[in-house]
Amino acid sequence: MKPFPPILFLTAEYDASGRYSLSARRQNGEEVVGAWTPLVRSHIVAVVVCGHGVITKPSDGDIARRVEADEDTFLSSRSGDDVSFFRRERMSSLESDLALRGIVPADRFCTAKAADMPAAAAIYAERVRTATSPRRLLRPSDTSSAVLQACTRRIYIPVLCVWLSLLSANAFISAKLNSERERLRGELSAREHRESRRTADNESERSLIRAFSERPSVPRAVVCDRIAAAVPEPIRLRSIGVEPPVKRFEAGKPLLRRENNVTVIGSAPSSAAVSEFVARLSASGVFRSVNLASIERERNASTLDFEIDLEP
């Protein structure tokens, strides 16, 4: 199965002076022409050491077995019936160079000559695939770290694009949802306000009904009868208000009444008749207080208008 991301082989070819030159090949052995540095970010990198200092021995010999057993001293790679190896201490400058370039190799191999790479690439690629299996990637190691970093860099841009698309869609949808939420909130607030006013109106109406349903200490019929009995002959009554409102009743506002109060309004030909009426009301024994609230003569008229406040 083709790994994801693909493999890039960096070939470090050493000369007799200990210097090396770097070149790159794809996992099919094809040499990368031009700059290969950008490919590092999207590929799994494997390093192949070749050239001066790489020794090849038969794999069934004692030297090959000792070299493969001493991994701390030698970097070794088996290819066919041969084992190629290279002393790790000579790779210190190469490792430093890779670190400065930000390259973390997933694996390291060695081969006798750079010309052997096209054929060896398939073998080494299979070994990298084995090292990058999902089960092995779960184990902390340099290989798993390098592979996971390469995968992260490869999917970074697509994931970022998807994430930005989701954020844009979320911003668009959120704006519509916020607008709809504000509209529903306004409707709910208006409905609650209407319900609150309706409840207040209902309570006001019930309070008004209760107020007129309460039985007074002295029956209203008795009050009206005593007032009628005390009216002198010359006096004409226009209205009798039993607990009249303080002001005109308005919907949605509480009714304010003049509790335990009776208002008598009428007209008389003289103040003496009014005085007699007040005296009779006081002597009736029904009212605790009798008060002449006002008396005045109508303009261009011979009669007096008066108002008497009574407290039963």
Does the side chain of Thr56 come under 3.5 Å of the side chain of Ser84 through a donor N or O and an acceptor N or O?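 Yes - a donor-acceptor pair under 3.5 Å links their side chains.
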Between Asn261 and Thr263, do the side chains contain a donor N or O and an acceptor N or O under 3.5 Å apart?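 Thr263 vs Asn261: donor-acceptor pair found between side chains.
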Has [X] got a side-chain atom pairing as donor or acceptor with [Y]'s backbone, closer than 3.5 angstrom?
X	Y	result
Glu311	Ser289	no
His43	Leu39	yes
Ser59	Asp81	yes
Asp15	Gly18	yes
Ser96	Ser92	yes
Arg288	Pro312	yes

Can you say whether the rings of Phe306 and Phe277 are parallel (under 30°), tilted (30 to 60°) or perpendicular (over 60°)?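 Phe306 and Phe277: perpendicular rings.
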Let me see the working for Arg78 and Glu68 under salt bridge (Lys or Arg N to Asp or Glu O under 4.0 Å), right down to the final yes or no. CA-CA 9 Å; Arg78 184 182 289 262; Glu68 290 182 320; 2.8 Å; yes
Nearest heavy-atom pair of [X] and [Y]: which atoms, and what distance?
X	Y	answer
Val54	Thr111	CG1-O, 3.4 Å
Ile7	Ala125	CD1-O, 3.7 Å
Pro232	Ala273	CG-O, 3.9 Å
Ser23	Trp36	CA-NE1, 4.5 Å
Met91	Val49	CE-CG2, 4.0 Å
Arg88	Asp72	CD-O, 3.5 Å

Hydrophobic cluster of Phe85, others only, ordered by chain and residue number, side-chain cut-off 4.5 Å: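 In the cluster with Phe85 are Ile55, Ile63, Val67, Phe74.
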My understanding is that a hydrophobic cluster links ILVMFWY residues whose side chain heavy atoms are under 4.5 Å apart, including indirect links. Using that, what else belongs to the cluster containing Val83?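 In the cluster with Val83 there is nothing else; it is isolated.
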Roughly how far, to the nearest 0.5 Å, is the [atom2] atom of [Y] from the [atom1] atom of [X]?
X	Y	atom1	atom2	value
Ile235	Thr303	CD1	OG1	11.5 Å
Gln27	Phe9	CD	CZ	7.5 Å
Met117	Arg25	CE	CZ	6.5 Å
Glu307	Asn291	CD	CG	9.5 Å
Glu192	Arg185	CD	CZ	11.5 Å

Close side-chain approach of [X] to [Y], heavy-atom, < 4.5 Å:
X	Y	answer
Leu304	Ser271	yes
Lys57	Asp82	no
Ile240	Val262	yes
Glu13	Cys50	yes
Ile227	Leu281	yes
Tyr20	Ser93	yes
Arg238	Asp305	yes

Over 12 non-hydrogen atoms of neighbours within 6.0 angstrom of [atom1] in [X]:
X	atom1	value
Glu187	CD	yes
Glu296	CD	no
Arg297	CZ	yes
Glu233	CD	no

Could you go through the side-chain contact (heavy atoms from CB on, under 4.5 Å) check for Leu237 and Val264 one step at a time? CA-CA 7 Å; Leu237 300 184; Val264 178; 3.6 Å; yes
For Arg108, which of Leu98, Leu10, Val47 qualifies under side-chain contact (heavy atoms from CB on, under 4.5 Å)?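 Option passing the side-chain contact (heavy atoms from CB on, under 4.5 Å) with Arg108: Val47.
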Same hydrophobic cluster for Ile265 and Leu292, using side-chain heavy-atom links shorter than 4.5 Å among ILVMFWY?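 In one cluster: no.
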Please list, chain by chain and in numerical order, all residues satisfying side-chain contact (heavy atoms from CB on, under 4.5 Å) with Ser77, sequence neighbours excluded.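 By the side-chain contact (heavy atoms from CB on, under 4.5 Å) rule, Ser77 matches Phe109, Cys110, Tyr124, Arg127.
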Verify salt bridge (Lys or Arg N to Asp or Glu O under 4.0 Å) between Arg65 and Asp60, making sure each step is shown before the conclusion. CA-CA 7 Å; Arg65 284 193 290 270; Asp60 56 354; over 6 Å; no
Does Asp70 form a side chain to side chain donor-acceptor pair (under 3.5 Å) with Thr73? I'd like the steps, not just the answer. CA-CA 6 Å; Asp70 190 2; Thr73 304; 2.8 Å; yes
Check the pair Arg66, Asp62 against salt bridge (Lys or Arg N to Asp or Glu O under 4.0 Å), reporting the backbone distance first and the verdict last. CA-CA 6 Å; Arg66 288 199 302 270; Asp62 291 338; 5.0 Å; no
Under the salt bridge (Lys or Arg N to Asp or Glu O under 4.0 Å) rule, what do Glu195 and Arg191 come out as? Steps first, then yes or no, please. CA-CA 6 Å; Glu195 291 297 327; Arg191 184 179 302 173; over 6 Å; no
